[in-house]
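We count ligands from 1, going down the list as the structure has it; atoms in each ligand are counted the same way. Quick note: numbers below take in every heavy atom, side chains included, and nothing from hydrogens, waters or symmetry partners.
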Amino acid sequence: EEFDTSKTYFSVLETRTKMLADYACNCLNRYGVCVIDNFLGNGKGLEIHEQVQDMHQKGLFTEGQLMNSERGNSNLKHVRGDVLTWVDGSEEGCEDIGFLVSSMDAVILKCAGKLTNVSVNGRTKAMVACYPGNGTQYLRHVDNPNDDGRCITCIYYLNKNWEAKKYGGLLRIYPEGQDRVASIEPVFDRLLFFWSDRRNPHEVMKAFKTRYAITVWYYDADQREKAIKGYKGGMKPEIVPLHSHDQRSVNCDT
Ligand SMILES: O=C(O)CCC(=O)Nc1cc2ccccc2cn1
Ligand SMILES: [Mn+2]
């Protein structure tokens, strides 16, 4: 009979996603940081890169805003020089970004119950960021210093043939209480997870070539609930349910 490739494709995808989730949980619980290379493969990676490049060329990126106090003070480019835009992946021309975020969600969904002190119940939209490559950087900071609910930072890099020696742009993470530094090259089709809180201060070194990345932050249910009650601010209070590949929005605890 006809060899059913679609079933095989999805069962292989399911198995791989589970393997990646197990690896991510072990790394996060042990080191607080996890790197996965060749996450989506060359073809899909290139499609995502092309969509991001189109958005950039259409001028859809805006200056990276700093915290409210510094808003509008444009001479703070030395603090962070990225330009960015937020997408949910359903917009025209963002379908491949949507596929990426569903793939990130698929891994996180399979981590349910295996991450120490974390129960993910949603995420932010996807932030597409670009460092224009004129020596721009992002000074050392913590993504979530005040318990705004975000527990995991998930970054996907799009930069083919990146050479840190020539182009800089390293992400350097200084894990709290350790005398080690993680230097992560923003290489094509690389996926990175790290705890968003004070455990992982990090910076982006000066970049001398256009440097693209797509970031999603995952929320911990309890911390998010407390943050909304206490309303400590931080990221805008929009929470997106996780989507697995068949586009159902799936609650983590099912
Ligand atoms: O591109 C990378 O390797 C990481 C860059 C990075 O840390 N970006 C970033 C971007 C942010 C945008 C808004 C609020 C907080 C933010 C924290 N971090
Ligand atoms: Mn950051």
Glu50 side chain vs Ile48 backbone, donor-acceptor pair below 3.5 Å = no

Calculate the angle formed at the Mn ion (ligand 2) by OD1 in Asp143 and NE2 in His141; 10° precision is enough.
-> 90°

Checking heavy atoms under 4.0 Å, the part of Ile155 that sits near ligand 1 is side chain

Do Arg123 and Asp105 sit within salt-bridge range, that is, some charged N less than 4.0 Å from a carboxylate O?
-> yes

Hey, which atoms in ligand 1 end up nearer than 4.0 Å to a heavy atom of Tyr131?
-> 5 (C)

Might you confirm whether atom NZ of Lys209 has over 12 heavy atoms from other residues, nucleotides or ligands at distances under 6.0 Å?
-> yes

Is the Phe188 to Trp162 ring centre distance short of 6.0 Å?
-> no

Within a distance under 4.0 Å of any heavy atom of Met127, pick out the atoms of ligand 1 and give their elements.
-> 10 (C), 12 (C)

Of Tyr138, Trp217, Tyr157, Phe194, the one whose closest heavy atom lies nearest atom 8 (N) of ligand 1 is Tyr138

Lys18/Glu14 under salt bridge (charged side-chain N to carboxylate O under 4.0 Å, His left out): CA gap, chis, key distance, verdict | CA-CA 6 Å; Lys18 174 125 184 47; Glu14 186 84 4; over 6 Å; no

Option whose closest heavy atom lies nearest to atom 12 (C) of ligand 1, chosen from His141, Arg140, Arg80, Arg211 = Arg80

Assess whether atom CZ of Arg198 is packed by more than 12 heavy atoms of other residues, nucleotides or ligands within 6.0 Å.
-> no

Is there at least one pair of N or O atoms, one from Asp82 and one from ligand 1, spaced under 3.5 Å apart?
-> no

Should the ring pair Trp86 and Trp217 be called parallel, tilted or perpendicular, given that the plane angle runs from 0 to 90° and is split at 30 and 60?
-> tilted

For Leu171, atoms of ligand 1 separated by under 4.0 Å from a heavy atom = 3 (O), 4 (C)

Does the N or O separation between His202 and ligand 1 drop below 3.5 Å for any pair?
-> yes

